[in-house]
Protein chains: 2
Amino acid sequence: MLDRLRNEAINNNSNVKIKQAIAVKHTITRLYYEQTLSNLDLGRQLFMTPPSVTSILNSLIKEGIVEMKGRGYSNGGRKPMLYGLVPDFGYILSIDMDQYYTKMAIFNMHNINVTPIKTFHLRLNNERSTFDILVSEIHSLIEISTIDTSKILGIGLSMPGFVNTQLGVNFTFLNFGNEKPFRTLIEEEFGMPVFIENDASVLAIAENKFGLAKGVKNALVLKMSWGVGLGLILNGHLYRGHAGLAGEFSHIPIVDSEIICSCGKQGCLETETSALVVAKLAKEGIRNGKISSLQGMVNDDLDKIEAEMVVKAANMGDQYSVQILSIIGYKLGKGIAILMHLFNPELIVLGGNMAKANQFLTIPIQQALNKYCIPLIQENTRIVVSKLDENGGLLGAVAMVFDNIFVEKVK
Amino acid sequence: MLDRLRNEAINNNSNVKIKQAIAVKHTITRLYYEQTLSNLDLGRQLFMTPPSVTSILNSLIKEGIVEMKGRGYSNGGRKPMLYGLVPDFGYILSIDMDQYYTKMAIFNMHNINVTPIKTFHLRLNNERSTFDILVSEIHSLIEISTIDTSKILGIGLSMPGFVNTQLGVNFTFLNFGNEKPFRTLIEEEFGMPVFIENDASVLAIAENKFGLAKGVKNALVLKMSWGVGLGLILNGHLYRGHAGLAGEFSHIPIVDSEIICSCGKQGCLETETSALVVAKLAKEGIRNGKISSLQGMVNDDLDKIEAEMVVKAANMGDQYSVQILSIIGYKLGKGIAILMHLFNPELIVLGGNMAKANQFLTIPIQQALNKYCIPLIQENTRIVVSKLDENGGLLGAVAMVFDNIFVEKVK
DNA sequence: AATTACTTTTAAAATTATTTTAAAAACTTT
DNA sequence: AAAGTTTTTAAAATAATTTTAAAAGTAATT
């Protein structure tokens with residue numbers, strides 16, 4: 001069964017078998033996302049009668065994929081039997097990379113990590129040695145987990161950069177010329193399906209499945225860290241665009257300045273709103289005589305100032321830090337106004353490590369929206385700060401793998 | 001059958017009946033969009049075996065919905081029987097409104113108008129009398145068509161303004177306070193389903209079904225006329241946003257100027273790129289001494305200059321008009337660069353009456369993209385000028401009604 | 001504590017739908 | 001004209017789903 005699902009060999013089978021396979025996948029998916037469901041619950045969701053659901057559940061129980069989870073609530077009548085996934089019928093290996101650090105862990109079908117979350121320094125670039133380190137770290141993670149490779153459903157990789165999920169290529173990082181796509185290299189190394197996705201998109205998946213945007217049809221998720229990434233949930237699905245490059249919010253040309261962006265262009269939003277800019281503004285300001293508790297935090301070695309410190313200082317009452325965040329927030333708000341006019345989302349989730357600035361960003365953002373947004377559009381959109389912790393990316397990558405195997409395939 | 005489809009009373013029926021109904025709708029939809037298909041073609045598209053398709057087709061033939069259309073091509077073997085919709089099994093009444101003129105006609109199931117296309121002056125506003133005129137014009141159209149009301153599947157309305165399709169409300173026009181939504185008023189008047197949609201979205205549907213964006217998964221359609229409307233086809237479907245307000249490209253804040261936009265804000269793209277601005281620039285320039293053949297076209301009565309004349313003059317070689325369009329195009333291009341970064345579309349279609357400016361707009365747009373767009377994104381997007389004629393809106397509204405009845409319901 | 005009413009679950013029968021099989025029909029190519 | 005293809009249909013076989021009815025389990029009521 002597992003092999004069948006993993007290799008997806010439903011090729012020249014009959015239509016009926018395809019439909020049955022779909023029903024089975026639906027069942028597993030519902031149980032994965034809602035933990036436990038009764039026979040009737042499943043029937044309602046999948047348009048099946050109780051006997052049909054029973055037959056699917058029984059075969060899944062026989063195969064060790066589903067188990068009974070005790071009885072649920074009833075308001076007068078027999079209590080329904082609840083069914084759930086057997087937590088270790090399969091595992092997903094999740095990897096969350098940023099420019100400097102990589103995190104990874106193996107998760108079971110209850111979304112619980114069965115290995116510790118392993119973090120290590122890894123500078124993302126296009127060198128083969130970086131790839132080799134990544135591979136050996138994955139190998140060692142699998143080894144210490146003592147999980148049989150055949151039980152790992154797939155590997156999910158969240159990465160910054162221009163990622164084309166379908167091709168399995170990251171054009172920005174770990175791109176070694178014209179040979180096989182990055183994803184294929186990993187797939188051949190480990191003999192299991194691999195899915196890569198842009199980090200902001202993964203965060204959007206995480207919010208849409210487990211966070212504040214759970215079940216929301218149209219949501220934008222901003223990942224505010226080195227740059228500003230944008231993940232899009234539109235019509236209930238992740239939106240990737242034609243070549244997987246949608247959501248390049250960081251580089252929309254809306255700034256009137258001479259600064260050249262890392263992408264080579266002028267006028268990118270990123271030149272005025274990223275974490276790098278926060279740190280830069282703080283350094284410059286203090287050098288020009290501004291008073292701030294940041295000085296003390298770095299023992300007057302201003303080069304050590306980082307954006308996260310500014311956020312921390314603001315949260316501790318440092319007025320100059322508040323002021324910097326306010327400037328950044330207002331500029332970001334102007335960018336968000338553009339997003340709201342184009343996407344008219346129900347919800348915007350602010351995520352990434354800069355989101356800890358909370359009201360120091362949200363208030364100036366709202367001020368900018370008051371100025372730049374058509375009221376009718378503004379009224380229809382809520383802006384919230386993510387409640388997912390720093391492992392949101394890992395969770396999102398897990399869900400991404402699950403969806404690729406059980407819901408809708410990209411590749 | 002028709003009544004069943006129109007009233008969609010598939011409520012407490014069994015799952016099997018629902019699935020059958022879906023197969024029937026799918027069949028009708030494929031025949032609608034592809035004119036004729038063989039038994040095997042349909043089977044391939046709908047995952048059904050020949051006997052299953054036969055039984056559906058036979059019942060549809062018996063009900064007068066489908067008919068045989070002769071035999072198709074075969075490269076060695078029996079020629080397949082082609083099936084198509086009976087053109088007059090149902091009709092759709094389509095209305096395309098802009099700020100000043102309204103067009104309407106009744107179309108059969110082959111997308112051919114069975115009445116002449118009727119155009120009349122109607123200034124869009126929020127007065128009840130405007131509504132009354134619209135209603136009486138629809139009545140008279142139905143009357144001269146001599147079509148039985150029960151054979152009209154529905155009415156499709158394309159309108160400028162902030163349209164919420166689900167609620168059936170246009171917040172900008174024909175909005176009479178707190179009573180019933182506009183759509184309901186029309187529905188009650190004519191006793192048939194009514195669907196309203198923003199004009200740019202309708203144009204996007206038209207391009208996606210019949211135009212250059214046919215079958216394209218991710219396409220943006222710009223309607224360049226009084227303002228600049230944006231219709232979005234994302235993941236193969238029209239994207240409306242949470243409250244139906246997505247695509248407000250006209251009012252994104254990216255301009256540094258003091259001009260107050262019609263929406264009340266400053267800095268809207270519309271203040272620098274709409275047809276109104278084209279006319280304004282032309283008038284101002286000529287008053288300040290620019291030489292142009294436009295002067296002759298209006299007998300020196302500069303107030304009569306309209307954007308369409310500038311386009312015409314440019315097409316006839318007038319250098320000043322070319323220059324104006326070039327300025328507008330470049331600014332529009334900067335806005336399009338933003339769209340490309342956010343949506344990463346496969347295709348951008350330039351439509352609306354200003355699209356006749358063709359290369360006078362596309363060349364400066366490309367210049368702007370060269371400057372403002374990340375090459376990787378630019379490489380993946382084609383920009384083309386619409387080939388639909390001035391009745392594209394009517395066609396789009398027809399397809400919108402069809403899709404609402406046979407494919408996916410919005411309301 | 002027993003009864004009633006209600007919900008969930010299962011098993012068997014009945015129904016219905018789909019696929020398979022095989023043959024016939026229609027056509028092209030050799 | 002014969003051989004080979006493709007489409008189409010009809011009948012038989014198979015498989016799935018629903019219906020029906022009964023059983024099991026629980027809460028509320030008497």
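Proteins get letters first, then strands, A, B, ... in listed order; numbering begins at 1 in each. When reading the values below, keep in mind they use all heavy atoms of this one structure, side chains included, and skip hydrogens, waters and symmetry mates.
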Side-chain atoms of B:Thr49 come closest, of C:dT19, D:dT17, C:dT9, to C:dT19

Atom CG of A:Asn39 and atom P of D:dG25 are separated, to the nearest Å, by 16 Å

Out of C:dT9, C:dT18, D:dT7, minimum distance to the side chain of A:Pro80 belongs to C:dT9

Of D:dT8, C:dT19, D:dT18, the nucleotide closest to the side chain of B:Arg71 is D:dT8

Atom OH of B:Tyr73 and atom P of C:dA26 are separated, to the nearest Å, by 20 Å

Whichever of A:Asn58 and B:Pro50 has the more 5' nearest nucleotide on DNA chain C, that residue is A:Asn58

Do B:Leu93 and B:Phe190 come within less than 4.5 Å of each other through their side chains, counting heavy atoms only? no

Rounded to whole Å, the CE-P distance (B:Met81 to D:dT7) equals 13 Å

Separation of D:dT7 atom P from B:Leu57 atom CG, nearest Å, is 15 Å

Between B:Ser52 and C:dT19, is there a contact of a side-chain N or O with OP1 or OP2 at under 4.0 Å? yes

Exercise. Under 4.0 Å between any heavy atoms, over every strand shown, what does A:Thr54 touch: base, sugar-phosphate, or nothing? Just pick one.
Key: sugar-phosphate

Output yes when A:Lys214 and A:Glu207 qualify as a salt bridge under the 4.0 Å nitrogen-oxygen rule, no when they do not.
no

Q: Tell me whether the centres of the aromatic rings in B:Phe402 and B:Tyr33 are closer together than 6.0 Å.
A: yes

Rounded to whole Å, the CG-P distance (B:Leu37 to D:dT8) equals 12 Å

Here the distance between atom P of C:dT20 and atom CE of B:Met48, to the nearest Å, is 15 Å

key: Pair B:Asp41 + B:Arg44, salt bridge at N-O below 4.0 Å   = yes

Quiz prompt | Student check: side-chain heavy atoms of A:Arg30 and A:Leu46 closer than 4.5 Å | solution = yes

Testing C:dT8, D:dT8, C:dT28 for proximity to the side chain of B:Lys79, the answer is C:dT28

B:Arg78 CZ to D:dA3 P, in whole Å, measures 21 Å

B:Met68 atom CE is separated from D:dT8 atom P, nearest whole Å, by 9 Å

